[in-house]
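First the structure, in the form of C-alpha cells, and then the observations on it.
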Amino acid sequence: MSDYPKDWEEVKINNVSPIRGGYAFKSEMYVKNGVPIVRISNILSNETIGGDFECYKSLTNDNDFKLFNGSVVIAMSGATTGKVALLRLKKEAYYYQNQRVGYFKESDDINNCFLFYVVRGTSFKKYLNSILSTGAQPNISPKQINKFSFKKPPLEEQKAIADTLMTFDKHIENLEKLIEKKKMVRDGAVEDLMTGKTRLDGFDGKWEEIELGKICNIYDGTHQTPKYTNNGIRFVSVEDISNLKDSRKFISINDFRKDFKIYPENKDILMTRIGDIGTPCLLKDDEKIAYYVSLALLKNIKINSEYLYHYIRSSNFKNELDKRILHHATPIKINKNDIGKCQVNYPTDIKEQEAIASILTSMDYEIENLEKEKAKIEKIKVGAMDDLLTGKVRLI
C-alpha cells in the first residue's frame with residue numbers, strides 16, 4: 001500500500017463531491033429547440049457536445065439536472081459503465097443530464113480536473129471492478145460510487161497535479177488529431193494514385209484492369225480449429241491481421257508440415273475474408289505461419305506486392321469486394337473464388353508500381369511512428385497518474 005503524504009486527507013466521494021443520477025426523460029419531452037442532453041454516447045469520446053435529441057427547457061427541479069463546461073460525469077450502465085469525461089461543451093449554456101449519466105457535484109474543496117483523474121486512476125478502477133454488477137447490463141449506483149475513498153491533497157497541489165496530467169492528455173489529443181489528418185492525406189493519396197488520376201513525374205505509360213485471380217494464386221487456410229501448443233509455428237486469424245506477431249497461438253511443426261503444404265511467405269499477402277473483409281497484411285519476413293480459413297492468402301503475385309497491398313485498401317477494390325460479399329451470411333463472408341473475380345487497376349510499368357507503393361508505404365511509416373509515440377506517451381501518463389495521485393511524486 002502507498003504511504004501517502006501526511007498533509008493529504010482521506011475522504012469519500014460523498015464528502016467532497018457527491019455523485020447524483022440524471023433525469024429520466026420521456027419521449028414526449030423531446031423538441032427541436034430545447035436544452036441538449038448529455039448521454040453515455042457523448043462520454044465515449046471524452047468530448048461531449050450534447051446528444052442527438054433535445055428536451056424542453058423547463059423541468060421539475062431544473063437546477064438538479066444542469067451540467068456545465070468542466071463538469072465531471074461518468075457512465076453508470078451498459079458496456080461502457082465507468083467511462084469518465086471532463087465535459088468540454090461547445091455551447092456556453094447549460095446541458096441536461098440523462099439518467100444513465102452520473103454527475104460529480106462541484107465543491108470548493110476539490111478541483112474538478114483533479115477529481116476527473118482520481119476517478120480515472122488505478123484505485124478507482126479496482127474499486128469499480130469490485131462493485132460492478134455482472135448481469136447482461138452492467139451498472140453502478142451513485143450510492144456505491146459515493147463510498148469510494150481517496151487521499152485528497154491541498155487544493156493548490158490538486159491543481160498542480162491536474163495541470164500536469166492534462167498536459168499529457170493534450171499532447172495525446174494533438175497526436176490523435178495529427179494521426180487522423182495524416183490518415184486522411186494517405187487515404188486521399190491512395191485514391192488518386194491507384195486510379196491514375198494523379199500521375200507521378202516521369203511516368204506516362206498505360207494502365208490495365210484485370211481480375212485479381214489472373215495476377216496471383218488465392219488460397220484459404222485450415223477449416224478446422226487446430227490443436228494449439230505452447231510454441232512452434234505461429235497460427236493467425238482475422239483478429240491478428242493488424243500485427244501477425246501479436247498472435248500467441250501456435251501449432252506443432254508436425255501439424256504444420258501435414259496441413260500446410262502452401263503457406264504465407266515473404267511478399268505474400270494475407271487478407272481477411274470472414275467477418276471483417278478486405279483488410280490486408282503484407283508479409284515482410286520468412287517466418288513460417290499457419291493461418292485459419294477466415295484469411296485468404298495471395299501468392300505468386302505477378303505485379304509489385306507492395307502496390308497490390310495498397311490497392312486492396314483502396315475504395316475501388318473495396319467496392320469490388322462489396323459486390324461479391326455474402327451479406328446475408330452470419331458472419332458476412334466472401335468466397336475464395338469470388339475474391340479472384342475482383343478487378344485490379346495497375347500501371348504496366350513495374351517502376352511506376354514501385355514508385356506509387358514507396359510513397360504510400362512512407363506515409364504508413366509516418367503514421368505508424370506517430371501511433372508508437374502516442375502509445376509511449378499514454379504509458380508514461382499512466383505511470384505519472386499513479387505517482388502523482390499517491391503522492392509518490394510531489395509537485396509542491
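In this chain, residues are counted from 1 in sequence order.
- Judged purely by atom type and a 3.5 angstrom limit, S305 uses its side chain to pair as donor or acceptor with the backbone of K267.
- Note on ring orientation: taking the six-membered ring where Trp is involved, the planes of F148 and Y127 are tilted (angle from 30° to 60°).
- Within the model, atoms CG of D109 and CG of L115 stand 12.0 Å from one another, a figure rounded to the nearest 0.5 Å.
- Across all non-hydrogen atoms, the minimal contact from I251 to A290 is CD1-CB, 3.6 Å.
- Within a 6.0 Å radius of NZ in K302, other residues, nucleotides and ligands contribute more than 12 heavy atoms.
- Without hydrogens or angle criteria, D276 side chain to T272 main chain gives no donor-acceptor distance under 3.5 Å.
- Put simply, the side chain of S107 never gets that close to the backbone of S17: no donor and acceptor are under 3.5 Å apart.
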Exercise. Give the intermediate values and the outcome of side chain to side chain contact (heavy atoms under 4.5 Å, CB included) for residues F250 and Y228.
Key: CA-CA 5 Å; F250 300 90; Y228 296 121; over 6 Å; no
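- Under the 4.5 Å side-chain criterion, counting only non-hydrogen atoms from C-beta, M363 is not in contact with Y365.
- Around the NZ atom of K318, the shell of radius 6.0 Å holds more than 12 heavy atoms that belong to other residues, nucleotides or ligands.
- Around NZ of K299, the count of heavy atoms belonging to other residues, nucleotides or ligands within 6.0 Å exceeds 12.
- Note that NZ of K333 and OG1 of T330 are 10.0 Å apart. Values are rounded to the nearest 0.5 Å.
- The number of heavy-atom neighbours closer than 6.0 Å to CD1 of I253, taken from other residues, nucleotides and ligands shown, is 12 or below.
- The two atoms that bring T198 and L193 nearest to each other are O-CD2, 3.6 Å, heavy atoms only.
- With respect to the salt-bridge test (charged N to carboxylate O, under 4.0 angstrom), the residues E366 and K182 qualify.
- By the criterion of side-chain heavy atoms lying less than 4.5 angstrom apart, applied directly or through intervening Ile, Leu, Val, Met, Phe, Trp or Tyr residues, Y219 is not grouped with I277; the two fall into different hydrophobic clusters.
- Ring geometry, Y311 versus F317: the interplanar angle exceeds 60°, so the pair is classed perpendicular (tilted spans 30 to 60°).
- Between the side chain of R248 and the backbone N or O of K245 there is at least one donor-acceptor pair closer than 3.5 Å.
- Looking only at distances, no side-chain donor or acceptor of E191 sits under 3.5 Å from a matching main-chain atom of G188.
- In this structure, the side chains of I74 and F104 come closer than 4.5 Å at one or more pairs of heavy atoms.
- A salt bridge between K288 and E265 is absent, with no side-chain N of the basic residue lying under 4.0 Å from a carboxylate O of the acidic one.
- Using a 4.0 Å cut-off between charged side-chain N and carboxylate O, E10 and K151 make a salt bridge.
- Using a 4.5 Å cut-off between side-chain heavy atoms of Ile, Leu, Val, Met, Phe, Trp and Tyr, with links allowed through other members, V185 and M194 fall into the same hydrophobic cluster.
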Exercise. Quick one: do K152 and I110 satisfy side chain to side chain contact (heavy atoms under 4.5 Å, CB included)? Show the steps, please.
Key: CA-CA 8 Å; K152 178 176 72 70; I110 197 81; 3.9 Å; yes
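- Across every non-hydrogen atom of P153 and I161, the tightest pair is CG-CD1, 4.2 Å.
- Although no hydrogens or angles enter the test, the distance criterion places no donor-acceptor pair under 3.5 Å between the side chain of D220 and the main chain of V293.
- Under a 4.0 Å N-O distance rule, the pair D364/R186 qualifies as a salt bridge.
- Taking OG of S237 as the reference point, atom CD1 of I274 lies at 8.0 Å (rounded to 0.5 Å).
- Residue W207 is grouped with residue L308 when hydrophobic side chains (ILVMFWY) are merged at heavy-atom distances under 4.5 angstrom, including chains of intermediate members.
- Here CD of E320 is found 10.0 Å from CG of N345. Values are rounded to the nearest 0.5 Å.
- Counting heavy atoms from C-beta on, the side chains of S252 and K227 never come closer than 4.5 Å.
- R120 contributes atom CZ, which lies 10.5 Å from atom CG of L389 (distance to the nearest 0.5 angstrom).
- Using a 4.5 Å cut-off on side-chain heavy atoms (C-beta onward), Q343 and E209 make contact.
- A donor-acceptor pair under 3.5 Å is absent between the side-chain atoms of Q99 and the main chain of G22, judged by distance alone.
- N129 places a side-chain N or O within donor-acceptor distance of the main-chain N or O of K125, the cut-off being under 3.5 Å.
- A salt bridge is defined here as a Lys NZ or Arg NE, NH1 or NH2 lying under 4.0 Å from an Asp or Glu carboxylate O, and E157 with R394 meets this definition.
- Checking side-chain atoms of N174 against main-chain N and O of K170 turns up a donor-acceptor pair under 3.5 Å.
- In this structure the side chain of W8 reaches within 4.5 angstrom of the side chain of P154, judged on heavy atoms.
- Heavy-atom neighbours of Q224 CD from other residues, nucleotides or ligands within 6.0 Å: at or below the threshold of 12.
- Under a hydrophobic-cluster definition in which Ile, Leu, Val, Met, Phe, Trp and Tyr are linked whenever side-chain heavy atoms come within less than 4.5 Å, directly or via other members, I303 and L200 are assigned to the same cluster.
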Quiz item: Passes side chain to side chain contact (heavy atoms under 4.5 Å, CB included), I262 versus N217? Steps please.
Solution: CA-CA 11 Å; I262 297 172; N217 298 120; over 6 Å; no
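- Of the residues T164, D169, D386, T167, the one that meets the side-chain hydrogen bond (donor to acceptor under 3.5 Å, both in side chains) test with K381 is D169.
- In the hydrophobic cluster analysis, where Ile, Leu, Val, Met, Phe, Trp and Tyr join through side-chain heavy atoms closer than 4.5 angstrom, Y103 is grouped together with V101.
- Residue A296 comes nearest to I339 through the heavy atom pair CB-CD1, 3.8 Å, listed as atom of the first residue, atom of the second, then distance.
- Side-chain contact check for L212 versus C216: some heavy-atom pair is nearer than 4.5 Å.
- Ring planes of F114 and F150: tilted class, angle from 30 to 60°.
- K183 has no carboxylate O lying under 4.0 Å from a charged side-chain N of D187, or vice versa, which leaves the two without a salt bridge.
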Exercise. Just do the side chain to side chain contact (heavy atoms under 4.5 Å, CB included) check on T81 and L132 with the steps written out, would you?
Key: CA-CA 8 Å; T81 298; L132 196 62; 3.4 Å; yes
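- Between the side chains of R100 and S77, a donor-acceptor pair is found at a separation under 3.5 Å.
- Within 6.0 Å of the CG atom in N230, the count of heavy atoms belonging to other residues, nucleotides or ligands does not exceed 12.
- The CD1 atom of I289 sits 5.0 Å away from the CG atom of L244 when rounded to the nearest 0.5 Å.
- Classification of R199 and E352 as a salt-bridged pair holds, one side-chain N sitting under 4.0 Å from a carboxylate O.
- Shown here for I312 and G278, the closest heavy-atom pair between the two residues is CG2-O, 3.6 Å.
- K374 is not listed as a side-chain neighbour of H171, based on a closest heavy-atom distance of 4.5 Å or more.
- Taking the six-membered ring for Trp and thresholds of 30 and 60 degrees, F260 and Y291 have ring planes inclined between 30 and 60 degrees apart.
- L321 places a side-chain heavy atom less than 4.5 Å from the side chain of M271.
- No side-chain donor-acceptor contact under 3.5 Å links S358 to the backbone of E354.
- The number of heavy-atom neighbours closer than 6.0 Å to CD of E156, taken from other residues, nucleotides and ligands shown, is 12 or below.
- Under the 4.0 Å criterion applied to side-chain N and carboxylate O atoms, R273 and D338 are not assigned as salt-bridge partners.
- The minimum heavy-atom distance linking E211 with G340 is given by the pair CB-O, 3.5 Å.
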